Amino acid sequence: MKKLVIESGIVKENIGAIKRKAESAVIIADLSCDAQGLGLIKTASMLRSEGISNFAVYEVEDAEKLRKNGFVDEHILMLRSTVDVGEIGRLADNNVTCTVGSYDAGIAVNSVAVSRRTVIEVQIKVNSGIGQYGFLPSELDKITKVFRQMPGLAVSGMYTRFSGPGAGKAAASRQLETFENVLLKLHESGIETGIAHALDSYALFKCDLDKLDAVCVGSAIAGRTPGVGGELNRVGYIEADIDELDWLPAGSVVGAGKGVRLKKSTKVAVVSVGWYNGVGLGEANAPRSFKRLVKGASRPTVRLGGKKLKLVGEIGANCILLDVTDITCGVGDKVVIECEPKMIKGLPVEYR
């Protein structure tokens, strides 16, 4: 047996830490990437039980799935700006707030609203530096037109996204200042911008977001926000059985790719999960992580009965080899493999 294990209790502890840090700000849970790999519906249910009823998604299908599974009253924000009128129609059918990140997207959403003789709720996204959807700060004239010249749109707020922990606290602070300056200029021109928020778990814990009305968090739910320290706990690990045990003589070449030559007689355990399942792949800079992986440099921690095991050779597509020479173990014993749930595929999920 092999599975991805999610500890519900730890998820709820992380939600508690998020609520304490957010204080009075509204919490919007980013449920993209199958709720950070934790499972869309299960995670949404846990969030709802903890009093969080504002969700955000990147795919229309996720919004539809939430509605079909009983999340009919929760507010759902589509984080991806789109000009596809088919997608916009489906979002409107499911009462999902659309993101307008460009003038063209505004025109597209407005056209759907006008054709239906209705009004569609939208939020405007500002590109404060990350370059993922959004009006540039210099496009105040275009943002103004969305507010004043598109009668089919009901603008309920504005938001931005920061670059995350890889760029550091200083970069997040600069991007926050850029966003706040856009809001200030719009307010000075007489525009009521609605709720203001930012998407970034790292910024919630490291920056001063007191001027914002809401915070949108994703990785913090899974406790996998780099640089946050002990405020969050990591969620998720792979549990897999030892499928085979072999004593291999010195000089044997083992492992994927070119393999490695054993210097001494070694007891090797075979476990049937590999990089195809996401073993060794991390969220940050995933393509680069994959490159490191196939070179044998990305090695997750693997434990058996609390003891750390050494991987032998490179990680294969469907299996890993472990050195258990000094470990008492047998076929069927379970090993625990650290992983990034967001990267895992092909494994059943068990909630504990």
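Side-chain atoms are counted along with the backbone in the values below, which use heavy atoms only and exclude waters and symmetry mates. These numbers were taken from a predicted model, which means no experiment stands behind them.
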Do we get Lys42 above Tyr351's six-membered ring, with its NZ or CZ under 6.0 Å from the centre and within 45° of the axis? yes
Decide yes or no on side-chain contact (heavy atoms from CB on, under 4.5 Å) for Ile320 and Ile337, but give the supporting numbers first. CA-CA 11 Å; Ile320 56 174; Ile337 307 167; 3.9 Å; yes
Rounded to the nearest 0.5 Å, what's the gap from OG1 on Thr178 to CZ on Arg174? Could you check? 9.0 Å
Using a 3.5 Å distance criterion without hydrogens, assess whether the side chain of Asn127 forms a donor-acceptor pair with backbone atoms of Leu136. no
With respect to Lys65, which candidate in Val57, Val60, Ile41 satisfies the side-chain contact (heavy atoms from CB on, under 4.5 Å) definition? Ile41
Which residues pass the side chain to side chain contact (heavy atoms under 4.5 Å, CB included) test with Leu184, not counting sequence neighbours? Glu188
Taking it one step at a time, do Leu281 and Glu340 satisfy side-chain contact (heavy atoms from CB on, under 4.5 Å)? CA-CA 7 Å; Leu281 293 180; Glu340 167 58 71; over 6 Å; no
What's the verdict on side-chain contact (heavy atoms from CB on, under 4.5 Å) for His75 and Glu121, showing C-alpha distance, side-chain angles and the deciding distance? CA-CA 11 Å; His75 182 270; Glu121 181 179 350; 3.4 Å; yes
Hey, are the side chains of Arg148 and Ile191 touching, using non-hydrogen atoms and a 4.5 Å cut-off? yes
Side-chain heavy atoms of Asn110 within contact of Val100, under 4.5 Å: no
Taking atom NZ as the centre, does Lys185 end up with more than 12 heavy-atom neighbours from other residues, nucleotides or ligands that are less than 6.0 angstrom away? no
Within one Ile-Leu-Val-Met-Phe-Trp-Tyr cluster: Val155 and Ile195, side-chain cutoff 4.5 Å: no
Let me confirm one number: the CG-OG1 distance from Leu304 to Thr328, rounded to the nearest 0.5 Å. 9.5 Å
Apply side-chain contact (heavy atoms from CB on, under 4.5 Å) to the pair Asn233 and Asn14, showing each step before the final yes or no. CA-CA 7 Å; Asn233 293 302; Asn14 289 338; 4.1 Å; yes
In Å, rounded to the nearest 0.5 Å, how long is the span from CG of Leu321 to CG of Leu262? 9.5 Å
Flag, side chain of Glu7 to backbone of Gly236, donor-acceptor distance under 3.5 Å: yes
Quick one: does any side-chain atom of Arg224 pair with a main-chain N or O of Val235 as donor and acceptor, under 3.5 Å? yes
Answer yes when Glu338 and Arg303 have at least one side-chain N-carboxylate O distance shorter than 4.0 Å, and no when they do not. no
Just by distance, do the side chain of Asp84 and the backbone of Gly86 share a donor-acceptor pair under 3.5 Å? yes
Within the 4.5 Å heavy-atom criterion, are Val114 and Met150 side-chain neighbours or not? no
Over all heavy atoms of both residues, which pair between Leu245 and Cys329 is shortest? Give the atoms and the distance, please. CD1-O, 3.7 Å
If Ile, Leu, Val, Met, Phe, Trp and Tyr residues are connected whenever their side-chain heavy atoms lie under 4.5 Å apart, and connections chain through other members, are Met78 and Ile107 in the same group? yes
According to a 4.5 Å side-chain heavy-atom criterion applied to Ile, Leu, Val, Met, Phe, Trp and Tyr, with indirect links allowed, do Ile143 and Ile120 form part of one hydrophobic cluster? yes
With the side chain counted from C-beta on, respond yes when Arg161 and Lys125 share a heavy-atom pair under 4.5 Å apart, and no when they do not. yes
Given 3.5 Å as the limit, does a donor-acceptor pair link the side chain of Thr160 with the main chain of Val126, or not? yes
Using a 4.5 Å cut-off on heavy atoms from C-beta on, say whether the side chain of Asp93 contacts that of Arg116. yes
If we ignore hydrogens and angles and just use 3.5 Å, is the side chain of Thr225 paired with the main-chain N or O of Tyr202 as donor and acceptor? no
What heavy-atom pair brings Ala196 and Leu183 nearest, and what distance separates the two atoms? CB-CD1, 3.7 Å
Shortest non-hydrogen contact from Asp323 toward Leu309: O-CD2, 4.3 Å
Can you name the nearest heavy-atom pair linking Pro300 to Leu311, along with the distance? O-CD1, 3.8 Å
Verify, without hydrogens or angle tests, whether Thr99 (side chain) and Gly101 (backbone) share a donor-acceptor contact under 3.5 angstrom. no
Could you pull out the closest heavy-atom pair between Val119 and Leu153, with the gap in Å? CG1-C, 3.9 Å
To the nearest 0.5 angstrom, please state how far the CG atom of Leu79 sits from the OG1 atom of Thr97. 10.5 Å
Any side-chain heavy-atom pair from Asn181 and Pro137 closer than 4.5 angstrom? no
I'd like to check the ring pair (Phe, Tyr, Trp, His ring centres under 6.0 Å) partners of Tyr159; sequence neighbours left out, ordered by chain and number. His197
Are Leu199 and Leu31 in one and the same hydrophobic cluster, where Ile, Leu, Val, Met, Phe, Trp and Tyr link if side-chain heavy atoms are under 4.5 Å apart? no
Rounding to 0.5 Å, atoms OG (Ser32) and CG (Leu40) come to a distance of 10.0 Å
Residue pairs, two or more places apart or on separate chains, that pass side-chain hydrogen bond (donor to acceptor under 3.5 Å, both in side chains) and touch residues 235-253: Tyr237-Arg352, Glu239-Arg352, Asp241-Lys334, Asp243-Ser272
Do Val122 and Tyr103 belong to the same hydrophobic cluster, where Ile, Leu, Val, Met, Phe, Trp and Tyr are linked whenever their side-chain heavy atoms lie under 4.5 Å apart, directly or via other members? yes
If every non-hydrogen atom of Ala203 is compared with every non-hydrogen atom of Asp200, which pair is closest and at what distance? N-OD2, 2.7 Å
Distance from Ile344 atom CD1 to Leu4 atom CG, nearest 0.5 Å? 6.0 Å
Say whether, by atom type as modelled, one donor and one acceptor occur between the side chain of Lys21 and the main chain of Glu231 under 3.5 angstrom. no
Compare all side-chain heavy atoms of Asp30 with those of Gln36 and state whether any distance is below 4.5 angstrom. yes
Over 12 non-hydrogen atoms of neighbours within 6.0 angstrom of NZ in Lys267: yes
Check for a donor-acceptor pair, side chain of Arg48 on one end and backbone N or O of Ser53 on the other, with a separation under 3.5 Å. no
For the backbone of Glu64 and the side chain of Arg90, can you confirm whether one donor and one acceptor N or O come within less than 3.5 Å of each other? no
Would you indicate whether the side-chain heavy atoms of Leu66 and Glu74 approach each other to under 4.5 Å? no
